[in-house]
Amino acid sequence: MSTHSTSGISDSSGTSGRAGRHKQHLTRRRVLGASALGVAATGAAVAGGTGLLSSASAAGFGYTDDGHDYVVTTGAALTFKVSKSTGDLTSLVYRGKEYEGYGGRHSHVESGLGTSTVTLKQTGGTILIKVVHGPITHWYAARSGQNNIYLWTNKADASFTATRYLVRVRPGIFPNTGSDAWNTAQDKVIEAGDVWRRSDGTTHSKHYSGKRTIDYDYVGFTTGKAGLWLVRSNHEKASGGPFYRSLLRHSNELGAGLYEILHYNEAQTEPERFGLQGPYVVACTDGEAPSAALFHANLDTSWVDGLGITGWVGAAGRGRVAGVGLKGMDPAYDYTVTFANTDAQYWTKAAPATGAFSCKGMLPGTYTLTVHKGELAVHTESVKVTAGGTASLHTITIAGDPSAARTVWRLGDWNGTPGEFKNAELMTYAHPSDARAAKWTGNVTIGSADAAKSFPAYMWQNVNDGILIYFRLTAAQAAAARTLRVGVTDAFANGRPRVTVNDWVSAVPSAPAQPSTRSLTTGSYRGNNHTFTFNVPSSAWRSDVSQYNVLKLNVVSGSTGETYLSPGTSFDCVDLLA
């Protein structure tokens with residue numbers, strides 16, 4: 001055994017060939033131990049939470065090589081091990097208690113990289129472990145006196161179909177509660193091996209986080225006396241933007257897990273990005289939330305600049321965009337400004353009163369700037385970012401909000417979500433068959449007090465196809481042809497709406513591009529927002545103005561499926577233009 005103290009700079013390496021496993025293509029996992037929801041605590045850290053530096057002495061900071069693992073002692077209350085042959089995190093001991101591993105498996109990139117080349121370097125108060133396996137290079141870093149592990153992952157190509165880091169946690173340590181928690185011995189699998197139904201009719205899955213990326217800074221578990229957290233990175237090379245929903249946490253009697261999902265290839269709305277992602281942070285506390293100083297928006301990363309991490313770009317190599325404000329905002333909604341190109345993505349919230357916005361820490365390049373009302377894109381333009389510079393923008397006038405159009409009637413509102421409709425909120429953390437869901441069937445009358453709440457957020461061919469919307473028109477309104485708009489947020493199996501107005505039947509619309517994977521049953525309504533436009537002739541309307549006109553919505557598709565996996569779609573808004 002060799003021992004290394006905090007003084008000086010030292011290098012050590014453990015080897016194993018890179019060949020073999022990096023060409024594996026990961027399919028949807030049906031491993032009982034993998035699942036995710038429960039996002040514990042979002043936003044700022046709990047007042048009085050632990051800062052970056054522990055009160056414990058850093059005198060013990062250093063590492064040893066036990067022949068199988070590098071054993072790193074942070075000089076605070078945390079000791080961890082990294083396998084010299086695979087790069088797995090094989091031990092995580094905080095205040096003398098082991099937290100890591102379940103089912104004979106450890107914490108790692110993907111489901112484990114397998115044989116890898118693993119090296120270690122200590123530079124003053126930082127220990128850096130590098131793991132190389134084909135197109136993936138991964139790093140762990142410890143800083144003297146901190147109960148944190150900093151992680152980065154660099155993926156060069158698509159030979160792995162997903163990119164994640166999974167912290168596996170021993171069973172029985174933390175409470176097994178939440179929409180992401182289940183019991184394999186008592187609950188019943190109802191879909192794809194990863195959605196479970198409890199005896200009370202509630203549904204649970206690793207997918208049911210109920211959180212968009214923009215909604216959380218960290219996920220984790222706490223007993224009140226001990227906490228284990230994963231603080232997310234800025235996701236600059238992830239895919240899907242601020243409104244993407246994915247695995248965050250899971251728990252069952254066999255173990256628990258925390259996820260940093262960098263690319264999951266499920267419900268994805270844009271191509272995968274490659275390159276360095278991180279840092280994201282595994283943080284141990286005495287029960288409180290992780291320090292806000294670890295959040296990606298606050299984290300000081302100047303100490304990373306000299307470590308030699310491949311693809312790392314420090315603050316000096318980044319730029320900023322600042323906007324004076326937005327004109328034409330609807331005060332009922334939050335506005336988000338996003339920036340995206342093939343290399344990176346960023347986002348920032350606009351000030352409610354003025355729409356002013358600022359986004360810092362951006363890689364140089366030309367980006368598509370998009371203004372979102374809720375989750376609906378209402379303005380786009382191009383902006384160029386330079387290293388060390390600020391791209392200053394004048395007031396942006398929003399001209400693409402479909403809510404600005406005059407209507408005869410409107411069901412819901414244009415905001416890129418099904419939020420006003422029946423069961424919408426529940427669907428971000430439950431299966432559509434959940435006992436808490438209101439019946440998906442039922443017709444709607446325009447003008448009734450609960451019209452939007454009676455309209456289903458989702459429609460499937462084999463569940464609630466053929467919903468009817470009743471409405472009256474005045475003689476003047478019925479005398480003209482009119483445009484009917486049906487906005488959707490996502491679709492499964494190419495499901496899209498076809499409409500019938502009284503005796504008039506529309507043509508079958510073309511299917512827009514949507515994610516090809518499950519979404520409506522895995523906690524996400526987020527796809528590619530699309531508006532179907534139907535030109536209804538005046539001959540379609542009832543000539544007797546005392547009678548209701550009847551609009552029928554059907555889901556059409558060239559595909560088939562059973563119940564909630566039959567072709568379906570989620571709605572944003574339905575309206576008839578004046």
Side-chain angles (χ1 to χ4, degrees), residues 6-11 44-45 49-56 58 61-63 72-76 78 80 119-131 137-154 165 217-218 229-238 260 262 275-285 289-322 339 343-348 358-365 385-391:
T6 57
S7 60
I9 301 174
S10 45
D11 260 294
T50 301
L52 290 182
L53 296 178
S54 168
S55 59
F61 179 72
Y63 72 93
V72 178
T73 301
T74 65
L78 174 64
F80 64 92
T119 57
L120 180 149
K121 179 175 70 174
Q122 180 175 333
T123 305
T126 300
I127 293 172
L128 184 69
I129 297 174
K130 180 180 181 181
V131 181
T137 305
H138 181 75
W139 291 265
Y140 301 88
R143 302 190 69 198
S144 179
Q146 296 188 16
N147 291 317
N148 308 312
I149 307 173
Y150 299 84
L151 304 96
W152 295 260
T153 304
N154 192 321
Y165 193 90
D217 288 301
Y218 59 91
W229 313 96
L230 198 157
V231 184
R232 75 167 176 87
S233 67
N234 68 354
H235 282 215
E236 73 178 358
K237 290 186 178 292
E260 169 75 335
L262 303 172
L276 183 69
Q277 304 225 44
Y280 47 104
V281 188
V282 175
C284 298
T285 72
S291 170
L294 293 174
F295 298 174
H296 63 90
N298 306 328
L299 186 62
D300 176 7
T301 57
S302 58
W303 59 275
V304 182
D305 291 350
L307 295 181
I309 293 177
T310 306
W312 175 255
V313 179
R318 296 171 177 269
R320 174 174 171 260
V321 174
F339 307 87
D343 191 46
Q345 62 170 12
Y346 306 94
W347 56 83
T348 185
S358 177
C359 188
K360 63 180 182 179
M362 300 172 64
L363 293 172
V385 176
T386 58
T390 297

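Note: hydrogens, waters and symmetry copies are ignored here, and every other heavy atom, side chains too, is used. Keep in mind that this is a model prediction, so the values were computed, not measured.
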Can you name the nearest heavy-atom pair linking [X] to [Y], along with the distance?
X	Y	result
L151	V282	CD1-CG2, 3.7 Å
Y346	C359	CB-SG, 3.7 Å
T310	N154	O-ND2, 3.1 Å
G311	L276	C-CD2, 3.6 Å
I149	L78	CG1-CD2, 4.0 Å
A289	Y218	CB-OH, 3.4 Å

**Message:** Checking K130 against L128 for the side-chain contact (heavy atoms from CB on, under 4.5 Å) test, could you report, in this order, the C-alpha distance in whole Å, the side-chain angles of both residues, the deciding distance, and whether it holds?
**Reply:** CA-CA 7 Å; K130 180 180 181 181; L128 184 69; 5.6 Å; no
Working to the nearest 0.5 Å, report the span between [atom1] of [X] and [atom2] of [Y].
X	Y	atom1	atom2	result
N234	T301	CG	OG1	9.5 Å
L299	Y150	CG	OH	6.0 Å
F61	I127	CZ	CD1	3.5 Å
D343	M362	CG	CE	11.0 Å
W139	K121	CH2	NZ	11.0 Å
I309	H138	CD1	NE2	10.0 Å

**Which residues share a side-chain hydrogen bond (donor to acceptor under 3.5 Å, both in side chains) with D305, sequence neighbours left out** = W312
**Request:** May I have the step-by-step check of side-chain hydrogen bond (donor to acceptor under 3.5 Å, both in side chains) for T153 and Y280, ending in yes or no?
**Result:** CA-CA 9 Å; T153 304; Y280 47 104; 2.7 Å; yes
**Request:** Under the side-chain contact (heavy atoms from CB on, under 4.5 Å) rule, what do Q122 and V72 come out as? Steps first, then yes or no, please.
**Result:** CA-CA 11 Å; Q122 180 175 333; V72 178; over 6 Å; no
Are [X] and [Y] side-chain neighbours, meaning at least one heavy-atom pair lies under 4.5 Å?
X	Y	value
W229	D217	no
V321	V385	yes
T348	F339	yes
E236	Q277	no

**Request:** Go through the steps for K360 and R318 under the test side-chain contact (heavy atoms from CB on, under 4.5 Å), then give the verdict.
**Result:** CA-CA 8 Å; K360 63 180 182 179; R318 296 171 177 269; over 6 Å; no
**Request:** Could you walk me through whether L262 and S233 pass side-chain contact (heavy atoms from CB on, under 4.5 Å), step by step?
**Result:** CA-CA 9 Å; L262 303 172; S233 67; 4.2 Å; yes
**Message:** Check the orientation of Y140 and Y165. Use parallel for under 30°, tilted for 30 to 60°, and perpendicular for over 60°.
**Reply:** perpendicular
**Asked** Has the side chain of Q146 got a donor or acceptor atom that lies under 3.5 Å from a matching backbone atom of T74?
**Response** no
